[in-house]
Amino acid sequence: MADLLRLLLRVAEKAANVARICRQEAPLFQLLVQEKTGEDKNKKFVQDFKTLADVMIQELIRHDVRAQFPELAGFIHGEESNKFENGLGESVTVTVCSTEEETAKLLATVLDGDRTAASLLARAVHQDPATIEASTDGLTVPLKPSELGIWIDPIDATSQYIEGREEVLEEGRLSPSGLHCALVLIGVYLRSTGEPVMGVINQPFNNKDPAGTGWRGKHYWGVSCGSTNICSESRPGERSEGGLSVVLSSSEKQSVKEALTSVCGPDKLMYASGAGYKVLCVIQGLADAYVLSEGSTFKWDSCAPHALLRALGGGVVDLALSLQQSESGAQDPRTELTYHQPRADRSGADRWANHGGLVAYRDVSQLRSIMGALRGKL
Ligand code: 2IP
Ligand code: CA
């Protein structure tokens, strides 16, 4: 299945190109940032352009994966639905067609006949990406496509993507918000158990080319199945002195912040945008853990980075379930998130929420300290 990994790296790069082009090309950028509401809203213009860009990215990933691995068709899930309905009640299914021209024609129908924007977007979707350098030679992954399913988040942290604040990233430091928080996430799980086994993360806006040719991206990947545990990032070195560092959502509850101060060093409670970016910070060792007490993330947010953390010896647990187990005296507080089963008692996207909140960690002893600090406090 190393072929699947190479394909996912390639399609994630293609997706990142589309994300960059939508900000670079003026006609697309204007559509991206303008929010049409009320009287201004054109009834033939389907939802917002940002949703259309997300859907196109998701569909190009689905299209390319299905073409090479037909066994995966029917098991490629994403955040977005590709069925659009415009204000006139007309329904259009947005998909990648076999030629650029056909895709442009289809896109024009949902862009109210804006041929310039439709052609630019179709060109980006059909363009081949640059070759991806990843040391996957000699890698063998003991999995069959018929055993797997895929979760796609076309652009995580969309609000940061739209706002577009440019940050210069400092080596070894977490940068709380900006374009670099926007990530393309593709996670692969086992249909039988729901374990995440492979993940690709592409950060389309990692650094700006000093020659002025625009943004350059960065990619990260990991495989974790059986005895195969390989990640593009290295395992953490020595544990840092002076307490744990934990990254949180800026909307996290006060009670969680207070409970964590007992295990965190001074200034070691940090905040960042994007669920995917916060897990990436843990993967990179910029934070020891990410704690979220709300059920506000979904399977598509966590599947890909979860696989990378597992490859590094860590994981992502369901916070509510782990607290319940540790309060009842269970020996192993690890209750890893799984990706194969929807909640029967919910509907729509809510079926796929990580309801109990989560803790992403690299080191199980650090996870235990965090659970200890949160026990009885939520
Ligand atoms: C969102 C986005 C938000 C995040 C939320 C995600 O995904 O990443 O930033 O909230 O959890 O689901 P927060 O930044 O408070 O953690 P999307 O942008 O794809 O809707
Ligand atoms: Ca998301």
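Just the heavy atoms: all of them, side chains too, but no hydrogens, waters or symmetry mates, feed the values below. One-based numbering, in listed order, for ligands and for the atoms of each.
Considering backbone and side-chain atoms together, Ser251 places no N or O closer than 3.5 Å to any N or O of ligand 1. Taking any N or O of Asp301, backbone or side chain, at least one lies under 3.5 Å from an N or O belonging to ligand 1. Residue-to-ligand polar distances place Ser249 within reach of ligand 1: an N/O pair is separated by less than 3.5 Å. An N or O contact shorter than 3.5 Å links Asp156 to ligand 1 by distance. Considering both main-chain and side-chain atoms, Ala157 comes within under 3.5 Å of ligand 1 through a nitrogen or oxygen pair. Between Ala275 and ligand 1, a contact under 3.5 Å exists for at least one N or O pair.
For atom 15 (O) of ligand 1, a protein non-hydrogen atom is found at a distance below 4.0 Å.
Of all the atoms in ligand 1, the ones that sit under 4.0 Å from a non-hydrogen atom of Ile155 are 19 (O). Here is the list of ligand 1 atoms found below 4.0 Å of a heavy atom in Thr297: 11 (O). Shown in contact with Ser273 at under 4.0 Å from a heavy atom are these atoms of ligand 1, numbered in order with element: 14 (O). For ligand 1, the atoms lying closer than 4.0 Å to a non-hydrogen atom of Glu79 are 19 (O), 20 (O).
Considering Ser177, Ser296, Ala353 only, the shortest heavy-atom separation from atom 5 (C) of ligand 1 involves Ser296.
Salt-bridge formation is not detected for the pair Glu171/Arg173: no Lys NZ or Arg NE/NH1/NH2 atom is positioned less than 4.0 Å from an Asp or Glu carboxylate oxygen. A salt bridge between Arg62 and Glu59 is present, with a side-chain N of the basic residue lying under 4.0 Å from a carboxylate O of the acidic one.
Using cut-offs of 30° and 60° on the angle between ring planes, the pair Trp300 and Phe298 is parallel.
Remark: the Ser293 side chain and the Lys253 side chain contain an N/O donor-acceptor pair separated by less than 3.5 Å.
The angle subtended at the Ca ion (ligand 2) by OD2 of Asp153 and OD1 of Asp156 is 90°, given to the nearest 10°.
Aromatic pair Phe205/Trp215: ring centres closer than 6.0 Å. The six-membered or imidazole ring of His306 lies away from that of Tyr189, with a centre-to-centre distance of 6.0 Å or more.
Distance from atom 9 (O) of ligand 1 to its nearest protein heavy atom, with residue and atom name: Gly274 N, 3.2 Å.
At a 4.0 Å heavy-atom cut-off, ligand 1 touches Thr158 through backbone and side chain alike. In Asp153, the part holding a heavy atom less than 4.0 Å from any atom of ligand 1 is the side chain. Only the side chain of Lys278 comes within 4.0 Å of ligand 1, judged by heavy-atom distances.
At a threshold of 4.5 Å between non-hydrogen side-chain atoms, the residues Leu280 and Pro305 do not count as touching. Counting heavy atoms from C-beta outward, Arg310 and Glu195 have side chains that approach closer than 4.5 Å. Side chains of Leu174 and Val247 form a contact here, defined as non-hydrogen atoms less than 4.5 Å apart. Gln203 has its side chain within reach of His180: a pair of non-hydrogen atoms, C-beta onward, lies under 4.5 Å apart.
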Open item on the list: With salt bridge (charged side-chain N to carboxylate O under 4.0 Å, His left out) as the criterion, how do Arg343 and Asp350 come out once you've worked through the C-alpha distance, each side chain's angles and the decisive distance to 0.1 Å?
Closed with: CA-CA 8 Å; Arg343 284 262 304 233; Asp350 218 23; over 6 Å; no
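Asp301 has its closest N, O or S atom to the Ca ion (ligand 2) at the position named OD1.
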